[in-house]
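Worksheet: one structure, shown below.
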2 protein chains.
Amino acid sequence: MSLEHILLGMLHVPASGYDIKSDFSQGTRYFWSAELSQIYPVLQKLETRGWLKSRIEPPTKGPPRRVYDRTAKGRRELIGWLNAGPQMGTERFAYLGQLCFMHELNDMEASSKFMLDLKVRLGEFLAWLRQAESELTRGGTEDLDNLNSEDFHVVLAMRMGIHSLGAKVRWCDESLEQIDNRRQSSKMKDRESTAKRKEVRSG
Amino acid sequence: MSLEHILLGMLHVPASGYDIKSDFSQGTRYFWSAELSQIYPVLQKLETRGWLKSRIEPPTKGPPRRVYDRTAKGRRELIGWLNAGPQMGTERFAYLGQLCFMHELNDMEASSKFMLDLKVRLGEFLAWLRQAESELTRGGTEDLDNLNSEDFHVVLAMRMGIHSLGAKVRWCDESLEQIDNRRQSSKMKDRESTAKRKEVRSG
DNA sequence: ATGACCATGTAATCCGTTACATGATTCG
DNA sequence: CGAATCATGTAACGGATTACATGGTCAT
């Protein structure tokens, strides 16, 4: 599993399950997400495995919190994972499946509408990521030298999303053009065959 | 679930579970994958739901095959899915998690090696996709007009992968540069502090 | 005959989501 | 007092992977 290692990595500093969840929601860790109902049991499992240890924090305010911290064993495990080389997962894009099957509708207008819709959604995600990035770099893009090593790596990671989403938005535009071309030429064919039919009838 | 609809879409023409699996392996349907052990039960479920019907093909050669075909109900279900707008799934990138946590190694050389490794893997996938695309367009990129509607949509879908992977590879290069910059400046700092120490000693 | 490939499935396990259950604190 | 938020969990279900089990055909 990867979530185990993701949690291990996120516990750079001691935190509760709740803290981790809010890290997932807030920009920085955009590359992964998990629900509290998954986080809590995994943290428990990692503790029984000796990668984490927890203590109940006496609540100065609010309800008591169980705060986890990495053990030496957990740290070694994390290092091992980092040194194991990039873990490539299987990507699944339901919307590309939909696009492939669009020909069943036999309606280029529908394909066009679909791509437009997709472009909007991808664009929204891109805007959110750009926002999250500029909050880390405080506008000072290009020179990442004044960032600490942690933020530096996080910004690099975010930029993958920005690059990739940007490319996807451009792909939407290109595809919309292609679809439009095809609509034009099929209209021309319509006119041609209409003309032919007229010829036949009049001939 | 999406796999249900993906299978429904792939059954444009009658096919067995085995056929579908090989479609997943062969370029065209690169956006999704599934194991035979998942495909067979899902096909059975779709049949009990009345979206598919199957018959055993009398084997002219080889073992008997169970061939599935869409019913009218299945076709309606597919159309509904296509008209429901793009289905955006949660993407998870374990390697971006690894990159974020790289600062724990405190070794820019390791970060650099990691990115290089990642670049190679992404590049391999990109080359494979480009190959699959050119097999469909037969080199005739740019003018997709001579493709049938099915292949046209498939090529559009493949191009998303090509655009996005291209952007990711460029991101690797950019990141490698950033990492290098940081290595240079940290070496300079080393030299500076060495110089200072010398000053102190000689002073 | 041996290995590669065709072909179909079941079982166990794991990962992830949704729904459910509980209770304290804080702010208006 | 009521709603929002903090905080921790369990249960049920569904989706995906890995392992297991079986047997036929075909080429060397």
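Throughout, a chain's letter reflects where its sequence line sits, starting with A, and its residues are numbered from 1. What you see is a predicted model, and the numbers here were worked out from it, not measured in a lab.
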(message) Pair Q131(B), E135(B) - check side chain to side chain donor-acceptor pair (under 3.5 Å), show working.
(response) CA-CA 6 Å; Q131(B) 177 62 27; E135(B) 272 163 26; 2.9 Å; yes
(message) Side-chain N or O of T90(B) versus OP1/OP2 of dG16(C): is the shortest distance under 4.0 Å?
(response) no
(request) Ignoring backbone atoms, establish whether R65(B) has a side-chain N or O less than 4.0 Å from OP1 or OP2 of dA7(C). (result) yes
(request) Consider the side chain of L3(B), meaning its heavy atoms from C-beta on, and name the nucleotide among dT8(C), dT10(C), dA16(D) that approaches it most closely. (result) dA16(D)
(message) Closest approach to the side chain of P63(A), judged atom by atom: which nucleotide of dA16(D), dG23(C), dG23(D) is it?
(response) dG23(C)
(message) With a 6.0 Å cut-off on the ring centroids, do H5(B) and W51(B) count as close?
(response) yes
Between [atom2] of [N] and [atom1] of [X], the distance in whole Å:
X: W32(B); N: dT17(D); atom1: CH2; atom2: P; value: 10 Å
X: L43(B); N: dA7(C); atom1: CG; atom2: P; value: 15 Å
X: I39(A); N: dT17(C); atom1: CD1; atom2: C1'; value: 13 Å
X: I20(A); N: dG9(D); atom1: CD1; atom2: P; value: 12 Å
X: Q44(B); N: dA11(C); atom1: CD; atom2: P; value: 11 Å
X: E35(B); N: dG9(C); atom1: CD; atom2: C1'; value: 14 Å
X: E47(A); N: dG9(D); atom1: CD; atom2: C1'; value: 14 Å
X: Y18(B); N: dC5(C); atom1: OH; atom2: P; value: 9 Å

(message) Is a donor from one side chain sitting under 3.5 angstrom from an acceptor on the other, for S16(A) and D19(A)?
(response) yes
(message) In terms of relative ring orientation, are H103(B) and H153(A) parallel, tilted or perpendicular, with 30° and 60° separating the classes?
(response) tilted
(message) Taking any heavy-atom pair under 4.0 Å as a contact, classify S37(A): base, sugar-phosphate, or nothing.
(response) base
(request) Describe the nucleic acid contact of S2(B) in one word from base, sugar-phosphate, nothing, applying a heavy-atom distance below 4.0 Å. (result) nothing
(message) Here's a test of your reading of the structure: between S16(B) and A34(A), which maps to the more 5' nucleotide of DNA chain C?
(response) S16(B)
(request) Take Y40(B) and R92(B), find for each the nucleotide of DNA chain C with the closest heavy atom, and name the residue whose nucleotide sits nearer the 5' end. (result) Y40(B)
(message) Determine whether a donor-acceptor pair (N or O, by modelled atom type, separation under 3.5 Å) exists between the side chain of W81(A) and the backbone of I6(A).
(response) no
